[in-house]
Amino acid sequence: MIPTEDASARKREIEEKLKQEQETLSFIRENLEKSDQLTKGMVSILSSFESRLMQLENSIIPVHKQTENLQRLQENVDKTLSCMDHVISYYHVELEVQEEVTLEHLPEAVLQDIICISGWLVEYGRNQDFMNVYFQIRSSQLDRSIKGLKDHFRKNSASSGILYSPAVQTKRKDTPTKKVPKRPGKDDVLDIEIDSYIHCISAFVKLAQSEYALLTEIIPEHHQKKTFDSLIQEALDNLMLEGDNIVSAARRAIMRHDYSAVLTIFPILRHLKMSKSEFDSTLQGTAASTKNKLPTLITSMETIGAKALEEFADSIKNDPDKEYNMPKDGTVHELTSNAILFLQQLLDFHETAGAMLASQETSSSASSYSSEFSKRLLSTYICKVLGNLQLNLLSKSKVYEDSALSAIFLHNNYNYILKSLEKSDLIQLVTVTQKKAESSYRELIEQQIQTYQRSWLKVTEHLTDRNMPVFQPGTKLKDKERQVIKDKFKGFNDGLEELCKIQKVWAIPDKEQRDFIRQAQKKVVSEAYRAFLQRCANISFTKNPEKYHKYRPEQVEEMIERLFDTSA
């Protein structure tokens, strides 16, 4: 028989072991439940990841296929352009050959018969009515020839897509500006019309010279100038009427504030002025009213062109501040890109544009203006447009409530203007009258960067020594002193998070400038933060340091690195 005390001890031992086993079992069950929860969570994450991976794959595969197609199309375009260049070289050779060919209006035998008849009528018939019949027939033939050339040119240009114009001798250089989208078909038709008109002007001069050469063999000498004057009137009037229509279209465009449409007169005006000496030589001896038709058209084009340039400059200055039209991310404004594009398009016709401005000057120096004078006028005009643009941008920037975003907006626009000037010949024109234009824009850009950087002072001010308690080893901080350090950490963390959240969606399109601003800001904030952490390293100000020391310096740098990146 077991003694009662031993039995009791044995019972207590068993109960304790049982209790331990129950606790162990309970612990295992809790861990199993946690493991199940983690497993379910992991399965859910993996399922979500798999779903997103499938979505990504479904998105990437079409893009990959489209990229392959675009690459194939690009290769085809390159091959096509190469072939076209080869063909165009022959096309230009053909034009040069055509210029050397002498026009033959009538077979030699027929011409000799007409000369004999003309001589007989003058000498024996004493009848001059045949000269009226002659100029009417040849006038009609001249007009039909020019109209036929126009129709032929339009059809060939429309079908081949190749435009060759004696007025367009250089290709526009690549610019950093984005091109204004063309309205399908309309601009192409307009280009064809312009080239067609330029061809017809050149054709008229050649045909008129040929008609005069023919006329001198048939018409008596003392009637040749008058007959020639009558002969060319119909064709010349039709050309001048078409030119007047171009001027009227430009005038209507100005009324609609569509100043880019006025650029269509520039190639025509340039060609008219280039052809004027030959034109005058051909029309020598005709009536004053006939000789004045081309100069009158040139004057009309210069007047309407100069008016368009001046009104464009005024429109840049007075473009209304439309808050809804302001870029929310502070990127380059549409007004800036359009203004720069307009000025770049003037580069192809800088001599014409300069002379156009000079023609409106009433000063004595302008009466016989030189190319240098015209160049200075165009430089002054471009500087005026850029000055008006700068004033308008400054006014528009005030729409932003955040001064830092306003600075980013001005920085982007000033930088875009400077880069556009530097990448084109515009800068050479600007520096004719503004020698320090480049340095002025660089100063403006630097000023805006400094203004932007001041937005970070509300973050870094929490890292300064101001109000920082003096720590003595072995001395316990007071509650007030501990609170000061806590407030500094909290102020820095909150300010950093707020600025990074706000500025992440802002834009700096220029990668070089974007990297420069990030690096400069990262250096300033990181150095101040590291120095602050160093000062707080041996100070015990809280039982929960992780609550206040939320970010490592490397994490702060990574956050700043994601500024101006909407994809981050």
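All values below were derived from every heavy atom in this structure, side-chain atoms included, with hydrogens, water molecules and symmetry-related copies excluded.
Listed by chain and number, the residues in a salt bridge (Lys or Arg N to Asp or Glu O under 4.0 Å) with Lys511 are Asp515 (sequence neighbours excluded).
Ring planes of Phe492 and Tyr529: parallel class, angle under 30° (limits at 30 and 60°).
Look at Lys273 and Glu351 and you find no salt bridge, because none of the NZ, NE, NH1 or NH2 atoms lies under 4.0 Å from a carboxylate O. Looking at Arg530 and Glu557, a side-chain N of the basic residue comes within less than 4.0 Å of a carboxylate O on the acidic one, giving a salt bridge. For the pair Arg442 and Glu422, the salt-bridge criterion is met [side-chain N within less than 4.0 Å of a carboxylate O].
Interatomic distance, Lys504 NZ to Met559 CE, rounded to the nearest 0.5 Å: 10.5 Å. Interatomic distance, Ile517 CD1 to Trp506 CH2, rounded to the nearest 0.5 Å: 11.0 Å. To the nearest 0.5 Å, atoms NE2 (His350) and CG (Leu426) are separated by 11.0 Å.
For Lys307, the NZ atom sits in a loose shell: 12 or fewer heavy atoms of surrounding residues, nucleotides or ligands are nearer than 6.0 Å. Within 6.0 Å of NZ in Lys522 there are more than 12 heavy atoms belonging to other residues, nucleotides or ligands. Residue Arg518 places its CZ atom among more than 12 non-hydrogen atoms of other residues, nucleotides or ligands, all under 6.0 Å distant.
Looking only at atom types and distance, the side chain of Gln483 has a donor-acceptor partner in the side chain of Asp487 under 3.5 Å away. Using a 3.5 Å distance cut-off with no hydrogens or angles, the side chains of Thr336 and Asn338 do not pair a donor with an acceptor.
Proximity of the aromatic rings of Tyr259 and Phe342 is defined here by a centroid distance below 6.0 angstrom, and this criterion is not met.
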Stepwise side chain to side chain donor-acceptor pair (under 3.5 Å) check, Glu497 with Tyr551 = CA-CA 11 Å; Glu497 292 167 357; Tyr551 301 107; 2.4 Å; yes
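Side-chain atoms of Gln555 come within 3.5 Å of backbone atoms of Arg552 as a donor-acceptor pair (strictly under, hydrogens ignored).
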